[in-house]
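Worksheet for the structure shown next.
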Protein chains: 2
Amino acid sequence: MNVMNDSPRRKELTRQAAQLFVQEGFDRTTVRMLAEEMGIKSGSLFHHFRDKQEILAAVIEEGTRNALAIAHAALESCDRDPQARLQAMARAHLETLLTDRNAHVVALYEWRRLDDDARAHLGHLRDAYEALWEAVIDEALAAGLIHGDRFLVSRFVMGALNWTVRWYDPEGERSPEELGRELVAMLMAPRG
Amino acid sequence: MNVMNDSPRRKELTRQAAQLFVQEGFDRTTVRMLAEEMGIKSGSLFHHFRDKQEILAAVIEEGTRNALAIAHAALESCDRDPQARLQAMARAHLETLLTDRNAHVVALYEWRRLDDDARAHLGHLRDAYEALWEAVIDEALAAGLIHGDRFLVSRFVMGALNWTVRWYDPEGERSPEELGRELVAMLMAPRG
DNA sequence: GAGCTAACCAAGCAAGCGCTAGTGTGAATG
DNA sequence: CATTCACACTAGCGCTTGCTTGGTTAGCTC
């Protein structure tokens, strides 16, 4: 019916939707609320998105793609040793909270509201992000930098990491850089 | 209008509601679905609960009270040394997932759906539980068992811990006892 | 056996929901 | 100048929602 490409207009609408989804939750956010936030009428919304679910998928896709891009960039521009790479990943993760916090909160809390297709599609994106972490964790384990069961360590780290969205203020006193260092130090066996 | 005490019937209804809230999410669970699951008609539901929100509050309160009780018991019946206490807390946390997983998932994901009063009330319960953890973590820090910033360590641990609800199967191969040990070992500086 | 009460039911109301159909409009395109 | 297109609007359909109302029933107590 309508054009569903990713126009700049659609990107902006997605950003505003993310904000509302965080404030109210996906189910409680009505298309009328979304439209009002966007400065249009509720009917016009369906010119940009097929249905309400697609807005949710767009929000999560946007956030995850950015996180992936930032993580990739961080890994490419850091030292090769396992500790530097761990820190780079942690810093990258905290940095995305600066620009895409809303999207990440939505991804964390509203994932189950996605329909099967969107979940499958976005699942791959998410897996790619987690695979980056697991690779870096594997390197750190192999180097003896951290210790413990591979499966457990990665769940543990993922949990701690995802939880940051609940308490970390990227505009507060501690920089992503600094916090990433401390987070990694906590995991490591003390040197010397 | 009706009696809102905590009758055994109400406890049972609360347990069933928790299951549905996990499956569908709070907002998507209609009073009609709840009633059907309970084997009554939707109108009858309001004999037991003032409104839908109160069911959510009941679910979370039940789960948190149990977690607190189990944690207290675990701390009272374990050795005094910091490592034993950390392990006891971790084991207790994983044990509650055996009996109250639904309630904990609901507490984690649907907390924001609570109205202000319920949130304040249940917030104190939750704080009490987290305070137990923080005390034990403080002891471990003071004893040099683990290292790092007090604030960060506790957030990190809380995150990893709350995340367990997403992957840990208490009826699987690893017992809560065993997993608690591994989780604590991961945090600790290696001995000897 | 009258009175009370917890537990339930049938019926439905008012409000709100996602979404559609059909139309208007100003700018770009041929 | 005619056509197309992106974008927005108005109006409302069909349905579901949380919750209320007014009444019934089975079991208990005095």
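Numbered from 1 within each chain, the chains take letters A, B, ... in sequence-line order. As the structure is a computational prediction, the values presented were derived from the model and not from experiment.
- Following rounding to the nearest Å, A:Phe49 (CZ) and C:dT20 (P) show an atom-to-atom distance of 15 Å.
- Legend: residues meeting salt bridge (charged side-chain N to carboxylate O under 4.0 Å, His left out) with A:Asp138, ordered by chain and number and at least two apart, are A:Arg150.
- Shown for residues 27-35 of chain A: residues whose heavy atoms fall under 4.0 angstrom of DNA chain C, namely A:Thr29, A:Thr30, A:Val31, A:Arg32.
- Every residue two or more places apart in sequence or in another chain that forms a salt bridge (charged side-chain N to carboxylate O under 4.0 Å, His left out) with B:Arg126 is listed here: B:Glu130.
- Between A:Met38 atom CE and D:dA8 atom C1' there is a gap of 14 Å when expressed in whole angstrom units.
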For residues 174-181 of chain A, run the donor-acceptor check on the side chains, cut-off 3.5 Å, and write out each pair with its distance to 0.1 Å, sequence neighbours left out.
from: A:Ser175; atom 1: OG; to: A:Glu178; atom 2: N; distance (Å): 3.0
from: A:Glu177; atom 1: OE2; to: A:Arg181; atom 2: NH1; distance (Å): 3.4

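- C:dC19 atom P lies 11 Å from atom CD of A:Glu54, rounded to whole Å.
- Residue pairs that meet the side chain to side chain donor-acceptor pair (under 3.5 Å) test with at least one member in residues 29-43 of chain A, sequence neighbours left out, do not exist here.
- For the pair B:Arg101 (side chain) and B:Thr96 (backbone), a donor-acceptor distance under 3.5 Å is absent.
- Nearest to the side chain of B:Asp51, among C:dC19, D:dC19, C:dA7, sits D:dC19.
- In terms of the salt bridge (charged side-chain N to carboxylate O under 4.0 Å, His left out) criterion, A:Arg112 has no residue partners (sequence neighbours excluded).
- In this structure, A:Arg50 does not reach the C:dC19 phosphate: none of its side-chain N or O atoms is under 4.0 Å from OP1 or OP2.
- Taking atom CG of residue B:Leu45 and atom P of nucleotide C:dA6, one finds them 17 Å apart after rounding to whole Å.
- Atom-to-atom, CZ of B:Phe26 to C1' of D:dG18 comes out at 10 Å; the value is rounded to the nearest Å.
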Short heteroatom pairs, N/O only, protein and nucleotides 9-11 of chain C, under 3.5 Å:
from: C:dC9; atom 1: OP2; to: B:Lys41; atom 2: N; distance (Å): 2.5
from: C:dC9; atom 1: OP2; to: B:Ser44; atom 2: OG; distance (Å): 3.1

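- As rounded to whole Å, 17 Å separates atom P of C:dC17 from atom CD of A:Gln53.
- Contact check, A:His47 against D:dA8: no side-chain N or O comes under 4.0 Å of OP1 or OP2.
- Using a 4.0 Å cut-off, some side-chain N or O of A:His48 falls inside it from OP1 or OP2 of D:dA8.
- For the pair A:Ile55 CD1 and C:dC19 C1', the computed distance is 12 Å after rounding to whole Å.
- In this structure, A:Phe46 places its CZ atom 14 Å from C1' of D:dG12, rounding to the nearest Å.
- With sequence neighbours left out, A:Arg119 forms a salt bridge (charged side-chain N to carboxylate O under 4.0 Å, His left out) with A:Asp116.
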Would you mind writing out the side-chain donor-acceptor pairs for residues 68-81 of chain B within the sub-3.5 Å range, not counting sequence neighbours?
from: B:His72; atom 1: ND1; to: B:Leu68; atom 2: O; distance (Å): 3.4
from: B:Ser77; atom 1: OG; to: B:Ala73; atom 2: O; distance (Å): 3.2
from: B:Asp81; atom 1: OD2; to: B:Ala84; atom 2: N; distance (Å): 3.3

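- When hydrophobic clusters are built by joining Ile, Leu, Val, Met, Phe, Trp and Tyr residues whose side-chain heavy atoms come closer than 4.5 Å, directly or via intermediates, A:Tyr129 is not grouped with A:Leu98.
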